[in-house]
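Structure first, commentary second.
Below, chains carry the letters A, B, ... as their sequence lines are ordered, and counting in each starts from 1.
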Number of protein chains: 2
Amino acid sequence: MFHSKIGEVMRELGSSQPTAVELEILRILWELGPSPVREIHTRLAELKGTNYSTTVKMLSVMLTKGLVKRDENATPHIYRAAMTRDRAAKRFLTELIEKVYDGSAMSLVLQALAGGKASKTEIDEARRLLDEMEGQS
Amino acid sequence: MFHSKIGEVMRELGSSQPTAVELEILRILWELGPSPVREIHTRLAELKGTNYSTTVKMLSVMLTKGLVKRDENATPHIYRAAMTRDRAAKRFLTELIEKVYDGSAMSLVLQALAGGKASKTEIDEARRLLDEMEGQS
DNA sequence: TTGTGTTAGCGAAACCTTTCGCTACAATCG
DNA sequence: CGATTGTAGCGAAAGGTTTCGCTAACACAA
């Protein structure tokens, strides 16, 4: 049989997307900043009730995938997200637009948000950004 | 051991997110409209070189997940996406914002797009949408 | 009818993700 | 110094996804 190994190849190319649990861990790291496993685990266990071992393992998997980094000099080891929240959001979004719309879909993204919870402040902020963007191009 | 079954539960609640291949198939359906397996397969095989059986199986999996529907009266059976492209985009985006930012992040989404390929036309369209949104609230 | 090709489906293999038990080791306490 | 507690890691199980081989059923031409 011919079974492809795209996942593996992608990972070697450094373009692996975080899975569900991985994303939860990243969120925790974004919120907490660099933290030891114990801290991360406490938060994760609140959400999922999983075991300490699981958290350790997930972090080690994420380390080999390059999703997190760690300082091994410190004891206990300190983990941090390899990507900033904004950078991650940007990547996810780009990928999303790419996958769902074959790229370039500014107005559709806005449309998607339109039903949502944009406040007056956010709308003004958005206008400001639009002006900036126009200025640049 | 305690192994959770969140995926299963989510699915029963109707909130399963399509996986990689599933999304590819949805894209094909969005582009082609309702189609028999053969058509879908031809496209999918171009992208991934996979077997006809695989396409059939994926479609049957997606059917049980409710991601696609099919007309069994016609021969061959005709499959179609259960969700429109726009609706899917909206769901993905909401989920993304939820997962990465705990909700509400209009300006951040725009920021994420800022480096990108927004044309003058798109920016104007965006302004128009912002006006509309403000009007509604 | 018999062969030829197309469609549908099942079950299992391969792979990936998530989970944990068990073990080892370091640090800290009495 | 033990004994106890916290940290790190490995390997394997459980679950999910993706892949296909094989078989059955159906349609249509020879």
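Rounded to whole angstrom, the span from the CG atom of Leu26(B) across to the P atom of dT18(D) amounts to 12 Å. Atom C1' of nucleotide dC20(C) and atom CG of Leu59(A) are separated by 15 Å, given to the nearest angstrom. If you measure from atom CE of Met62(B) to atom C1' of dG16(D), you get 15 Å, rounded to the nearest angstrom. Computed from coordinates, the His41(B) NE2 to dT18(D) P distance equals 17 Å when rounded to whole Å. Here the C1' atom of nucleotide dA13(C) and the CG atom of Asn51(B) are 14 Å apart, to the nearest Å. For the pair Leu44(B) CG and dC20(D) C1', the interatomic distance rounds to 14 Å; values are reported in whole Å. Per the geometry, CD belonging to Glu24(B) stands 14 Å off C1' belonging to dT19(D), to the nearest Å. In this structure, the CD atom of Glu22(A) is 17 Å from the P atom of dG16(D), given to the nearest Å.
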Below 3.5 Å between N/O atoms, which protein atoms pair up with nucleotides 8-10 of chain C? Just atom names and distances, please.
residue : atom : partner  : partner atom : Å
dA8(C)  : OP1  : His77(B) : N            : 2.8
dA8(C)  : OP1  : His77(B) : ND1          : 3.4
dG9(C)  : OP1  : Arg70(B) : NH2          : 3.3
dG9(C)  : OP2  : Arg70(B) : NH1          : 2.9

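In this view, Glu46(A) satisfies the side chain to side chain donor-acceptor pair (under 3.5 Å) rule with no residue, not counting sequence neighbours.
Of the side-chain N and O atoms in Thr19(B), one or more sit less than 4.0 angstrom from OP1 or OP2 of dT18(D). Applying the 4.0 Å criterion to OP1 and OP2 of dT18(C), one finds that Lys48(A) has every side-chain N and O outside that range.
Proximity of Met58(B) to Leu44(B): side-chain heavy atoms (C-beta onward) are nowhere separated by under 4.5 Å. In this structure, the side chains of Met83(B) and Leu26(B) stay at 4.5 Å or more apart for every pair of heavy atoms.
Under the side-chain hydrogen bond (donor to acceptor under 3.5 Å, both in side chains) rule, Thr55(A) has a single partner from His41(A), Arg38(A), Arg43(A), which is His41(A).
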Counting only pairs under 3.5 Å, give me each side-chain donor-acceptor contact of residues 68-77 of chain A, with atom names and distances, residues two or more places apart or in other chains.
residue  : atom : partner  : partner atom : Å
Arg70(A) : NE   : Glu72(A) : OE2          : 3.1
Arg70(A) : NH1  : Tyr79(A) : OH           : 2.9
Arg70(A) : NH2  : Glu72(A) : OE2          : 3.3
Asp71(A) : OD1  : Asn73(A) : N            : 2.9

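Trp30(A) and Ile78(A) fall into different hydrophobic clusters, where Ile, Leu, Val, Met, Phe, Trp and Tyr side chains are chained together by heavy-atom contacts under 4.5 Å.
With rounding to the nearest 0.5 angstrom, the CG atom of Leu29(B) is 10.5 Å from the CD atom of Glu39(B).
Checking dT19(D), dT18(C), dC20(C) against the side-chain heavy atoms of Thr50(A) singles out dC20(C) as nearest.
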